[in-house]
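Since the structure comes first, as structure tokens, the remarks are kept for the end.
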Amino acid sequence: MPNAAKTEKTDVVLIGAGIMSATLGALLRQLQPDWSISVFERLDAAAAESSDPWNNAGTGHSALCELNYSPQNADGSVDVSKAVDINERFQVSRQFWASAVDTGVLDAPSGFINPIPHVSFVHGADNVDYLRKRYEALAPHPLFRGMEYIDTPDEFAARLPLMAKGRDFSDPIALNWTDGGTDIDFGALTKQLLAYIGYSGGEIAFGTEVRNLDKQADGSWNVTVRNLRTYQSRTVNAKFVFVGAGGGALPLLQKAGIKEAKGFGGFPISGQFLRSTNPELIAAHEAKVYGKAAVGAPPMSVPHLDTRVINGRKGLLFGPYAGWTPKFLKDGSNADLFKSIKPNNIGSLLGVGVTELGLTKYLISELLKSQNGKVGVLEEFLPRAESRDWELITAGQRVQVIRKKGAGGVLEFGTAVISAEDGSIAGLLGASPGASTCVTAMLDVMQRCFPAEYQGWTPQLQQMIPSLGQKLSENQALFQEVWDWTNKSLELDRTDAASEQVSSLAQV
């Protein structure tokens, strides 16, 4: 018999070529340049799933406009604690990206980040009262400085002319407006980070699927991968494995058999956007405008009208419209959900099925909406919306975390890091705010999995992220310093003339 293929050796295996793996790989490459890194991606391109710019809204979630991060309490007050926490984490991402630009890890920042106002929009007397209270709670806060409260029709029309056309202003309106928001092309950002990993000696293998993860006696992992073009398989032995495969992370963590993944399940929710095909509409709106989610809708379904900047060209989308499919990936299999059901998580899944009947009802209503029905929802933002100006596109697949709780389970709309006790493997589950807080999430992975090394890395990390270990919300001078630095390095204080050079997205 011929000799078995020799097992290759590497220090780090990153599964999935999305923003999470790219961020972790870029951090490790700078902190530990002598470590070998291999990235395996089953698709033929980087960032082709959730990180693709048309598969997400690119808001750069910093809670400036997302109302689901600042809920109203039963007594009428507004809880902004989550908004502050999300903003803190986004500031960490901004610092890492600015440092990466300064050191040449990232190229021209306008290729992945652009200044766009972030706006909260409501109508109706009760909602206007809520938004005023939200403004009063956030505006004095250092991280939300510059936020404006607008409730007059004239100023509304001056800021959002497209949304003002045909609007009946006898229905009260209000805005929370912040000029310091951004639009982020996470696909372009991912590709730049992966290019850095590749140029510095890392292996980037596309069209390569991870088929198995097998723990070895020495604590390392044998990762079996298959080339989907040649059908050849090989085994790579890694000291550390990160599963950053989006919706594909849960099945791989289950294959690894680590106890920390037991009890976890996933609930897939698909999404769609309306994308404008009318250059005049695209040119007439320049903001990310978030409204309030419908009663019973999941947080990820908060409606928003978004200016996008992709490949230097402006675009406009509205959504998302929630849907359902058993696939865990946009390019996945209809058997994904069913294959993920295990004896250790079936209780969690059944428990959620009982407690989330409202969500099920909402998803069914969304699935039944026609194209005209979807445009009807858009009319809340654009009273004169016409179906002919919009096309329906499918967004990225999101797998929400189901975590064991008692005899049942609870559905979580967020992200969760799962890591083995020995730190040899980790993975990320969940969705929003996801990509926007990718640096914080990957620092969490590094602290959990490399506790000894992390202490030695801290000085260099503090050079990249000056606020590391501190709360900017409690240190206004430091926040001002890093805000000015990141604005300059990321070229976010651009002139109006420079902004006008961003051309409109051509009709598709």
Could you pull out the closest heavy-atom pair between [X] and [Y], with the gap in Å?
X      : Y      : answer
Thr190 : Ala17  : CG2-O, 3.5 Å
Pro53  : Gly187 : CD-CA, 4.1 Å
Ala26  : Leu193 : CB-CD2, 3.8 Å
Ala48  : Leu43  : CB-CD1, 3.6 Å
Val84  : Leu143 : O-CD1, 4.0 Å
Ala83  : Phe144 : O-CZ, 3.7 Å

Exercise for the section: Measure up the Trp457 and Trp35 rings against each other and bin them: parallel (under 30°), tilted (30 to 60°), perpendicular (over 60°). Expected result: perpendicular
Practice task
Check whether NZ of the Lys or CZ of the Arg Arg275 lies under 6.0 Å from the centre of the six-membered ring of Trp390 and within 45 degrees of that ring's axis.
Solution key: no
Could you tell me if [Y] and [X] have a donor-acceptor pair between their side chains, going purely by distance under 3.5 Å?
X      : Y      : result
Arg145 : Gln476 : no
His304 : Glu66  : no
Asn87  : Ser62  : no
Asp79  : Ser81  : yes

Problem - Residues in side-chain hydrogen bond (donor to acceptor under 3.5 Å, both in side chains) contact with Lys292, at least two apart in sequence or another chain - result: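 Scan of Lys292 (side-chain hydrogen bond (donor to acceptor under 3.5 Å, both in side chains), adjacent residues dropped) gives Asn127.
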Fill in the blank from the handout: Sequence neighbours excluded, the answer for side-chain hydrogen bond (donor to acceptor under 3.5 Å, both in side chains) partners of Glu386 is Arg388
Handout entry: Test log, rule side chain to side chain contact (heavy atoms under 4.5 Å, CB included), inputs Phe90 and Thr182
Key = CA-CA 11 Å; Phe90 181 68; Thr182 51; 3.7 Å; yes
Any sub-3.5 Å donor-acceptor pair from [X]'s side-chain atoms to [Y]'s backbone N or O?
X      : Y      : answer
Glu49  : Asp331 : yes
Ser51  : Gly18  : no
Ser489 : Thr486 : no
Gln447 : Tyr454 : no
Gln95  : Gln91  : yes
Asn56  : Gly58  : yes
Lys314 : His285 : yes

Side-chain touch [X]/[Y], heavy atoms, less than 4.5 angstrom:
X      : Y      : answer
Thr394 : Phe273 : no
Val482 : Ile465 : no
Leu478 : Ser467 : yes
Gln463 : Ser99  : no
Tyr69  : Asp85  : no
Asp11  : Ile37  : no
Ile402 : Phe264 : no
Met442 : Phe242 : yes

How long is the gap from [atom1] on [X] to [atom2] on [Y], to the nearest 0.5 Å?
X      : Y      : atom1 : atom2 : result
Thr325 : Asp336 : OG1   : CG    : 8.0 Å
Leu175 : Ile150 : CG    : CD1   : 5.0 Å
Met20  : Ser50  : CE    : OG    : 9.5 Å
Thr277 : Ile282 : OG1   : CD1   : 7.5 Å
Ile425 : Ser419 : CD1   : OG    : 10.0 Å
Leu305 : Leu317 : CG    : CG    : 8.0 Å

Exercise for the section: Apply ring-ring contact (aromatic ring centres under 6.0 Å, His included) to Phe381 and Phe121, showing your working. Expected result: CA-CA 9 Å; Phe381 284 68; Phe121 158 65; 5.2 Å; yes
Exercise for the section: List the steps, then state whether side chain to side chain donor-acceptor pair (under 3.5 Å) holds for Asn278 with Ser276. Expected result: CA-CA 6 Å; Asn278 185 334; Ser276 179; 5.8 Å; no
Handout entry: Phe450/Phe240 aromatic ring centres below 6.0 Å
Key =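 Centroid separation for Phe450 and Phe240: below 6.0 Å.
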Pair up each side-chain donor or acceptor in residues 156-163 with any protein partner under 3.5 Å, not counting sequence neighbours, and list the distances.
| unit_1 | atom_1 | unit_2 | atom_2 | d |
| --- | --- | --- | --- | --- |
| Arg159 | NE | Glu155 | OE2 | 2.6 |
| Arg159 | NH1 | Glu148 | OE2 | 3.3 |
| Arg159 | NH2 | Glu148 | OE1 | 2.8 |
| Arg159 | NH2 | Glu148 | OE2 | 3.4 |
| Arg159 | NH2 | Glu155 | OE2 | 3.2 |

So, [X] and [Y], do they make that salt bridge, N to O below 4.0 Å?
X      : Y      : result
Lys288 : Asp183 : yes
Lys330 : Asp52  : no
Arg384 : Glu379 : no

Practice task
Give the intermediate values and the outcome of side chain to side chain contact (heavy atoms under 4.5 Å, CB included) for residues Ile173 and Val122.
Solution key: CA-CA 6 Å; Ile173 51 84; Val122 299; over 6 Å; no
Exercise for the section: Using a cut-off of 6.0 Å, state whether more than 12 heavy atoms not belonging to Asp484 lie near its atom CG. Expected result: yes
Handout entry: Contacts of type ring pair (Phe, Tyr, Trp, His ring centres under 6.0 Å), residue Phe40, not counting sequence neighbours
Key = none
Fill in the blank from the handout: So the ring pair (Phe, Tyr, Trp, His ring centres under 6.0 Å) pairs with at least one residue in residues 467-491 (sequence neighbours excluded) are Phe479-Trp483
Report all side-chain donor-acceptor pairs from residues 202-210 shorter than 3.5 Å, counting only partners two or more places apart or in another chain.
| unit_1 | atom_1 | unit_2 | atom_2 | d |
| --- | --- | --- | --- | --- |
| Glu203 | OE1 | Ser38 | OG | 2.9 |
| Glu203 | OE2 | Arg234 | NH2 | 2.4 |
| Thr208 | OG1 | Phe206 | O | 3.0 |

Practice task
Start with the C-alpha gap between Thr59 and Leu64, add the side-chain angles, then the distance that decides, and say whether side chain to side chain contact (heavy atoms under 4.5 Å, CB included) holds.
Solution key: CA-CA 10 Å; Thr59 301; Leu64 297 173; over 6 Å; no
Handout entry: Qualifying residue, where the test is ring-ring contact (aromatic ring centres under 6.0 Å, His included) with Tyr135 and the options are Trp177, Tyr130, Tyr149
Key =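 The single option meeting the ring-ring contact (aromatic ring centres under 6.0 Å, His included) with Tyr135 is Tyr149.
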Practice task
Could you please spell out the steps behind the side chain to side chain contact (heavy atoms under 4.5 Å, CB included) verdict for Arg89 and Val439?
Solution key: CA-CA 8 Å; Arg89 288 192 267 167; Val439 180; over 6 Å; no
